[in-house]
Amino acid sequence: MGGHNHAEDTHTNESILSTRVSLGLASQITSAPAKARGLFYGWWLVVISGFTMTIATVPLYHAMAVWSVALESHFGWSRGQLGLALTFTRIEGGLMGPIEGYMTDRLGARRMVLMGLLILGVGFLIFAGVRNLWMFYLAFIVMALGQGLGSWLPLMTTINNWFTRRRATAMGWANVGSRIGALLLVPAIAWAIDPEQTRLGWQMTALILGVFTLVIAFPLTRLIRNRPQDYGQLPDGDTPAPAPAPATQESSNAGGQGPGARPATATTAPRRPPVQDDGDMTAGQALRTPAFWLISFGHGFTSMVILAIMTHLGLLLKDKGFDVQTTGWIVVVYTATAMVFQLVGGYVGDRWPKNIALFIFTTIQAAAVVVLTLSSTLVMFYAYAVLFGIGFGGRNPLTTAIRGEYFGRTSFGRILGLSTVPMNVLLLIGSPMAGYMRDIQDSYDMAFLILAGFNFLGGVLFLFARKPRVGNRD
């Protein structure tokens with residue numbers, strides 16, 4: 001009789017335990033973000049990030065080479081005046097970068113991207129109504145503010161949160177998404193705003209971009225998830241370590257807990273602590289490392305020429321006798337090449353030391369700029385485009401991934417934001433210098449050769465950026 005009651009009690013306890021475990025697992029599953037066919041949600045965030053960066057960066061930066069031709073034709077502004085537009089965006093970036101990083105860590109990427117896209121959309125509406133130079137500068141400042149709040153910094157912070165081992169690869173794929181967008185958008189914008197044709201025109205095109213950005217902002221940002229731990233997942237889709245096996249009533253009694261003690265269950269097991277990289281640092285700790293400054297200035301020196309090319313490539317080709325459609329196709333060639341080498345850079349960066357890979361790709365980018373200054377035929381310009389795409393594409397995911405590897409994810413947004421300050425100081429120089437020197441010398445050659453030299457210097461700085469040792473953290 002007593003044995004029968006004991007068997008019934010044991011069976012009852014096991015049933016209760018099984019029910020609680022099932023409920024615990026169910027609650028974990030329902031708290032996780034939805035998966036499609038079992039795909040880790042981090043990869044969906046990579047796709048979302050690529051699409052968001054297409055909206056936020058391609059019309060503003062990648063298409064600037066064709067906007068400049070249309071604006072010069074419409075208003076007659078000088079090359080120096082046009083170059084100042086992107087300079088004003090870098091002033092905004094230098095001032096707002098640390099704030100954007102702090103806000104990303106505090107508010108999360110979803111809110112940041114929503115705010116940024118709404119501001120960007122308003123900026124395009126202002127751009128569509130530009131009547132004079134100061135309105136042009138105002139429009140670019142507003143658009144740059146929206147792009148900074150809602151694009152690269154918060155999205156790269158999110159990907160850094162969702163990936164560890166495959167961080168560079170994930171960032172590479174996200175940038176591939178934006179390059180695919182550039183392949184489609186830049187030729188389309190060039191076709192629409194060609195000043196020699198009667199089509200949409202640059203103002204109507206800007207108006208359409210502004211309205212689309214405002215409409216897409218809210219539904220797009222609902223898909224963004226800030227951290228995998230908030231949804232019961234780990235970076236890279238890793239499986240959490242199994243919880244300790246729950247104790248039965250008999251083992252609990254044997255442990256001295258008494259007959260009234262509750263059996264341990266899956267829902268009362270201690271939670272796994274948040275995953276952190278061994279090299280996680282605070283922003284203050286990162287600022288005290290040589291690597292932070294070498295990476296920041298290396299990124300700035302290697303980006304100076306990119307900003308100048310985005311502004312002046314169409315104008316340079318116009319000087320050589322080529323139309324705006326040709327500019328659009330050259331942008332397509334280097335964008336398509338960069339798209340492929342984003343993946344190559346991510347693959348290499350996950351297997352080689354990132355500082356060495358960065359030196360190689362930035363040196364190729366510098367060589368491409370030298371080729372640009374020597375180009376006079378269409379074949380040479382396309383050769384430049386391929387070489388530039390290799391260097392630019394390969395380095396692009398690595399400049400962000402190296403920060404994640406060196407400084408971790410705890411304060412990644414703040415660290416990334418602070419590193420934009422010295423970078424943006426350097427970016428202030430490139431585009432207006434190229435425009436000013438062209439106005440004085442009637443040629444871009446000297447300006448771009450100087451920028452190629454700065455580009456190579458940035459690669460050397462990357463080469464000397466070594467990962468901080470744990471013992472060096474304060």
Side-chain angles (χ1 to χ4, degrees), residues 57 59-97 123 126-127 130 132-148 152 202 296-320 324 327 331 365-366 368-370 372-373 384 388 392 420-458:
T57 63
L60 178 61
Y61 291 115
H62 295 276
M64 186 59 189
V66 294
W67 290 115
S68 297
V69 176
L71 292 168
E72 183 186 52
S73 176
H74 186 95
F75 293 104
W77 295 329
S78 72
R79 306 293 172 85
Q81 289 172 323
L82 289 167
L84 278 174
L86 289 185
T87 298
F88 283 121
T89 70
R90 293 306 91 205
I91 293 174
E92 177 277 329
L95 294 174
M96 290 295 297
I126 297 173
F127 184 34
V130 163
N132 48 50
L133 192 61
W134 74 263
M135 286 186 68
F136 172 53
Y137 292 153
L138 174 63
F140 262 72
I141 290 173
V142 174
M143 287 190 290
L145 176 61
Q147 189 273 338
W152 178 71
W202 66 270
S296 298
F297 279 97
H299 197 174
F301 280 126
T302 57
S303 296
M304 289 172 68
V305 70
I306 295 172
L307 209 62
I309 286 173
M310 287 178 177
T311 305
H312 296 284
L313 179 62
L315 300 169
L316 183 152
L317 288 165
K318 180 182 177 182
D319 290 345
K320 301 287 186 178
V324 69
T327 299
V331 172
Q365 180 180 290
V369 179
V370 175
L372 176 64
T373 63
Y384 144 76
F388 184 77
F392 172 55
T420 64
V421 176
M423 182 177 74
N424 281 306
V425 169
L426 294 173
L427 293 181
L428 291 174
I429 302 170
S431 183
M433 182 193 78
Y436 176 77
M437 292 185 70
R438 191 274 175 193
D439 289 337
I440 297 299
Q441 300 179 346
D442 201 32
S443 171
Y444 283 109
D445 290 355
M446 183 58 67
F448 278 106
L449 285 175
I450 292 173
L451 289 171
F454 282 133
N455 191 147
F456 181 74
L457 174 60

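When reading the values below, keep in mind they use all heavy atoms of this one structure, side chains included, and skip hydrogens, waters and symmetry mates.
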Set out, in order, the CA-CA distance, both residues' side-chain angles and the distance that settles side chain to side chain contact (heavy atoms under 4.5 Å, CB included) for Val69 and Leu317, then state yes or no. CA-CA 10 Å; Val69 176; Leu317 288 165; over 6 Å; no

Rounded distance [0.5 Å steps], [atom1] in [X] versus [atom2] in [Y]:
X: Thr57; Y: Met310; atom1: OG1; atom2: CE; value: 7.5 Å
X: Phe127; Y: Leu60; atom1: CZ; atom2: CG; value: 9.0 Å
X: Asp442; Y: Asp319; atom1: CG; atom2: CG; value: 7.0 Å
X: Ser68; Y: Lys318; atom1: OG; atom2: NZ; value: 10.5 Å
X: Phe392; Y: Asn455; atom1: CZ; atom2: CG; value: 11.5 Å
X: Leu138; Y: Met143; atom1: CG; atom2: CE; value: 9.5 Å

What's the shortest heavy-atom distance between [X] and [Y], and which atoms?
X: Gly123; Y: Ala139; answer: O-CB, 4.1 Å
X: Leu426; Y: Met304; answer: O-CG, 3.4 Å
X: Asp439; Y: Gly80; answer: OD2-N, 3.1 Å
X: Met64; Y: Leu82; answer: CE-O, 4.2 Å
X: Ala452; Y: Val370; answer: CB-CG2, 4.0 Å

Query raised in the report: Quick one: does Ser303's side chain have a donor or acceptor within less than 3.5 Å of a partner on Ile306's backbone?
Result: no

query: With no hydrogens and no angle check, is any side-chain donor or acceptor of Thr302 less than 3.5 Å from a backbone partner on His299?
result: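 Confirmed, Thr302 side chain pairs with His299 backbone.
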
Dump the intermediate steps for side chain to side chain contact (heavy atoms under 4.5 Å, CB included) on Val305 and Phe454, then the final yes or no. CA-CA 8 Å; Val305 70; Phe454 282 133; over 6 Å; no

Given Phe140 and Trp67, is the ring pair (Phe, Tyr, Trp, His ring centres under 6.0 Å) satisfied, shown in steps?
-> CA-CA 12 Å; Phe140 262 72; Trp67 290 115; 8.2 Å; no

Quiz prompt | side chain to side chain contact (heavy atoms under 4.5 Å, CB included) between Trp77 and Leu133, intermediate numbers included | solution = CA-CA 8 Å; Trp77 295 329; Leu133 192 61; 3.6 Å; yes

With a 4.5 Å limit on heavy-atom distance, are the side chains of Ile309 and Tyr384 in contact?
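Of all side-chain heavy-atom pairs linking Tyr384 with Ile309, at least one is under 4.5 Å.
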
Measuring only between side-chain heavy atoms, which start at C-beta, is Tyr436 closer than 4.5 Å to Met433?
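No, too far: nothing below the 4.5 Å cut-off.
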
Counting only heavy atoms from other residues, nucleotides and ligands, does the tally under 6.0 Å from CZ of Phe136 exceed 12?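 Yes.
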
- Task: Please state whether the rings of Phe301 and Phe297 are parallel, tilted or perpendicular, taking 30° and 60° as the class boundaries.
- Result: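 Tilted, since the angle between the ring planes falls between 30° and 60°.
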
Cut-off 3.5 Å, no hydrogens considered: what does the side-chain donor-acceptor table look like for residues 443-451, sequence neighbours left out?
from, atom 1, to, atom 2, distance (Å)
Ser443, OG, Asp445, N, 3.1
Tyr444, OH, Arg79, NH1, 3.1
Tyr444, OH, His312, ND1, 3.1

